[in-house]
Novice: 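Let me begin by handing over the structure; questions about it come next.
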Amino acid sequence: MPNGTILLIDDEAMLRQAVARTLELEGYTVLQAPDAHRGLQILREQADSIGVILSDVKLPDGRGLDLLPRYKALAPLAEVILMTAYGTIPDGVRAMKEGAFDYLTKGDSDDQLLVVVSRAMDRARLQQRVAELERKVDAQYSFEAMIGHSPALEKAKAMARQVAPTDATVLLEGSTGAGKELFAQAIHYASARRSKPFVAVNCSAFPRELMESELFGYKKGAFTGAQADKKGLFDEAHGGTLFLDEIGELEPGVQAKLLRVLEAQEFTKIGDTKPTRANVRIVAATNRNLRQEAEQGHFRPDLYYRLSVVVVAVPALSARRADVAPLTAHFLHYFAVKLRQRPLVVAPEALRVLEHYPWPGNVRELKNVLERASILTPANQPLTVDGLPLELQLFAQAGSPATPAEDERSLRNAEKQHIQRILLECGGNKTDTAKVLGVALTTLYRKIQEYGL
């Protein structure tokens with residue numbers, strides 16, 4: 001296996017060929033150039049494959065030190081090693097400051113050359129792997145990775161894309177499970193902060209008395225049990241994005257401190273006397289109507305207006321029914337890989353139920369339903385309505401078209417549909433259904449039998 005590709009630029013043909021031979025014996029692929037012009041041309045054509053650039057400092061058409069920025073511009077992930085016949089300390093220091101990996105003197109032993117080249121190639125490979133991982137992360141959390149092209153989703157993505165490159169605070173509104181965190185991640189990775197941390201916190205997951213210390217941290221001795229300094233989530237997210245999910249759960253004291261961060265870009269840790277600068281972008285999310293909460297005195301109005309610089313309404317799955325089919329295909333493929341089996345095929349009648357079901361739990365509920373189906377549906381059999389959870393089966397029955405005889409007896413049909421609807425809302429629990437309907441349990445059983453539910 002080749003150890004990597006090296007671009008060797010040197011105008012001394014005999015020395016260049018000797019160095020190339022030494023490197024090739026170690027398994028490297030060596031591209032040779034007699035001058036800077038040819039070397040830059042090779043870089044433009046094959047920059048992605050070159051790991052190390054080995055360049056003479058003195059070339060017929062340029063100096064290696066002056067060419068170094070051009071090398072790095074064309075191949076930013078490659079490492080540059082400069083060679084000279086008469087090495088000087090100032091030149092070596094300048095080369096390292098300009099971004100060179102090392103600075104060698106011609107005539108040094110082959111062993112020294114090979115050691116330096118090996119280290120440079122290792123670093124270049126590491127940088128390439130990091131860059132590849134960053135590309136995968138960017139792709140995974142990009143707006144393009146969101147599945148679906150319904151008008152409601154496209155409208156939300158368009159607004160989020162527009163605000164992403166800025167540092168503006170964003171408020172994501174939408175019901176639980178609609179995908180607000182996916183939007184927050186996409187906004188972060190489409191911004192200039194993408195290389196910095198994305199820190200997510202669910203404000204309802206912490207006891208109210210602990211939320212302040214989790215967000216802002218504290219100093220040693222601030223209270224009983226504070227035996228050491230603690231970094232808060234604002235510290236962890238420094239330079240990046242802090243995603244505050246279910247922000248409506250914050251208690252008033254923390255709301256006031258968060259408002260201070262948004263207004264002054266600084267906060268004070270518990271037990272500290274000096275403020276700490278906060279270089280953090282805030283993206284918040286809520287499943288409540290925060291404007292209404294603010295008007296009713298349940299949320300600080302001034303904080304609401306600072307948070308809602310840009311409001312993105314993340315649509316519920318019921319508002320984007322056209323996306324159910326591609327989401328279903330995606331999740332079934334995902335669980336097939338996870339369970340090491342072939343993806344389920346969905347029967348047409350089952351897909352119609354999935355597309356028309358109201359999905360109170362949104363995409364998260366759809367994912368859970370399809371995971372259950374992937375586990376329980378026998379191999380080589382399609383997913384039918386009978387393979388769906390009870391509430392979806394009841395929905396399918398309630399939504400089935402009435403027969404002509406039932407159309408003639410509209411009152412009877414209305415009663416049937418009403419019982420089916422309450423059964424669905426109660427998750428099939430007949431005792432609860434009877435209580436909601438205000439009838440005896442025996443009456444409910446008789447009606448179920450009568451209507452064939």
Side-chain angles (χ1 to χ4, degrees), residues 138-164 170-187 189-190 245 285-287 289 310-338 342-374 377 382-401 417 420-421 424-425:
D138 288 351
Q140 180 181 356
Y141 296 116
S142 67
F143 291 107
E144 289 71 24
M146 293 182 182
I147 297 169
H149 298 285
S150 62
L153 182 63
E154 290 299 323
K155 181 180 179 181
K157 288 198 292 186
M159 181 172 287
R161 275 197 190 97
Q162 192 170 355
V163 71
V170 181
L171 179 62
L172 303 171
E173 292 184 338
S175 51
T176 300
K180 297 189 290 295
E181 185 165 351
L182 286 178
F183 267 82
Q185 290 170 331
I187 289 170
Y189 286 105
D245 197 8
T286 181
N287 61 4
N289 185 333
V310 177
V311 178
V312 178
V314 180
L317 187 54
S318 59
R320 39 183 290 222
R321 298 188 186 280
D323 296 336
V324 172
L327 280 168
T328 297
H330 168 76
F331 287 135
L332 289 179
H333 177 76
Y334 171 80
F335 290 120
V337 173
K338 190 175 180 180
R342 295 181 64 182
L344 281 180
V345 175
V346 185
E349 64 274 10
L351 183 58
R352 281 195 295 273
V353 173
L354 294 175
E355 288 178 328
H356 291 89
Y357 184 68
W359 297 113
N362 290 294
V363 179
R364 188 178 299 156
E365 183 183 5
L366 173 64
K367 182 179 179 181
N368 292 342
V369 166
L370 295 174
E371 181 176 16
R372 172 190 182 276
S374 297
T377 303
L383 173 59
T384 64
V385 174
D386 291 340
L388 296 173
L390 176 62
E391 58 268 24
L392 273 78
Q393 294 183 41
L394 290 171
F395 173 80
Q397 294 173 13
S400 59
Q417 298 293 336
Q420 286 178 323
R421 191 159 44 249
L424 173 61
E425 292 175 0

Novice: Taking side-chain hydrogen bond (donor to acceptor under 3.5 Å, both in side chains) as the cut-off, I'd like each qualifying pair that reaches into residues 317-326, sequence neighbours left out, listed once.
Specialist: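 Qualifying pairs: S150-D323, R320-D323.
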Novice: Which label fits Y189 and Y141: parallel for a plane angle under 30°, tilted from 30 to 60°, or perpendicular past 60°?
Specialist: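 Rings of Y189 and Y141: parallel, as their planes differ by under 30°.
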Novice: Name all pairs fulfilling the side-chain hydrogen bond (donor to acceptor under 3.5 Å, both in side chains) condition that reach into residues 383-394, sequence neighbours left out, sorted by first residue then second.
Specialist: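 Sorted pair list comes back empty.
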Novice: Output yes when a side-chain donor or acceptor of N362 lies under 3.5 Å from a complementary backbone atom of T176, and no otherwise.
Specialist: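 A pair under 3.5 Å: yes.
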Novice: With sequence neighbours left out, which residue pairs that include part of residues 360-369 fulfil the salt bridge (Lys or Arg N to Asp or Glu O under 4.0 Å) condition?
Specialist: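 Sorted result for residues 360-369: empty, none.
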Novice: What I'd like to find out is whether the side chain of L351 reaches to under 4.5 Å of the side chain of L383, using heavy atoms alone.
Specialist: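 SC-SC contact between L351 and L383 ruled out.
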Novice: From S374 OG over to Y334 OH, what is the distance, rounded to the nearest 0.5 angstrom?
Specialist: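 So the OG of S374 and the OH of Y334 are separated by 11.0 Å.
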Novice: With a 4.5 Å limit on heavy-atom distance, are the side chains of P358 and F395 in contact?
Specialist: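 SC-SC contact between P358 and F395 confirmed.
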Novice: Under 4.5 Å between any side-chain heavy atoms of L317 and L327, yes or no?
Specialist: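 Yes, their side chains come closer than 4.5 Å.
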Novice: For the pair K157 and E144, evaluate salt bridge (charged side-chain N to carboxylate O under 4.0 Å, His left out) and give the outcome as yes or no after the intermediate values.
Specialist: CA-CA 9 Å; K157 288 198 292 186; E144 289 71 24; over 6 Å; no
Novice: Under the rule for ring-ring contact (aromatic ring centres under 6.0 Å, His included), what residues qualify as partners of F335, not counting sequence neighbours?
Specialist: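 ring-ring contact (aromatic ring centres under 6.0 Å, His included) check on F335 returns nothing, list empty.
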Novice: How close do F143 and A190 get, counting heavy atoms only, and between which atoms?
Specialist: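 Nearest heavy atoms, F143 then A190: CE1-CB, 4.0 Å.
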Novice: Can you tell me how far apart CG (L390) and CG (L394) are? Round to the nearest 0.5 Å.
Specialist: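 CG of L394 is found 4.0 Å from CG of L390.
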Novice: For the atom pair CG (L172) and CG (D245), what is the distance rounded to the nearest 0.5 Å?
Specialist: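 Going from CG on L172 over to CG on D245, the span is 9.0 Å.
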Novice: How far does CG of L370 sit from CG of L344, to the nearest 0.5 angstrom?
Specialist: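 Interatomic distance, L370 CG to L344 CG, rounded to 0.5 Å: 8.5 Å.
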Novice: State, to 0.1 Å, how close A396 and V353 come at their nearest heavy-atom pair, and which atoms those are.
Specialist: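 The pair with the smallest heavy-atom distance is CB-CG2, 3.7 Å.
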Novice: Strictly by salt bridge (Lys or Arg N to Asp or Glu O under 4.0 Å), give each pair with a member in residues 351-361 just once, sequence neighbours left out.
Specialist: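 For residues 351-361: none.
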Novice: Of all residues at least two apart in sequence or in a different chain, which pass the side chain to side chain donor-acceptor pair (under 3.5 Å) check with H356?
Specialist: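 With sequence neighbours excluded, H356 shows a side chain to side chain donor-acceptor pair (under 3.5 Å) to no residue whatsoever.
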Novice: Tell me whether K180 contacts the main-chain N or O of V314 through its side chain, where contact means a donor paired with an acceptor under 3.5 Å.
Specialist: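 Not confirmed, K180 side chain does not pair with V314 backbone.
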Novice: What closest approach, in Å, do V369 and W359 show between heavy atoms, and which atom pair accounts for it?
Specialist: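 Reported closest heavy-atom pair: CG2-CZ3, 3.9 Å.
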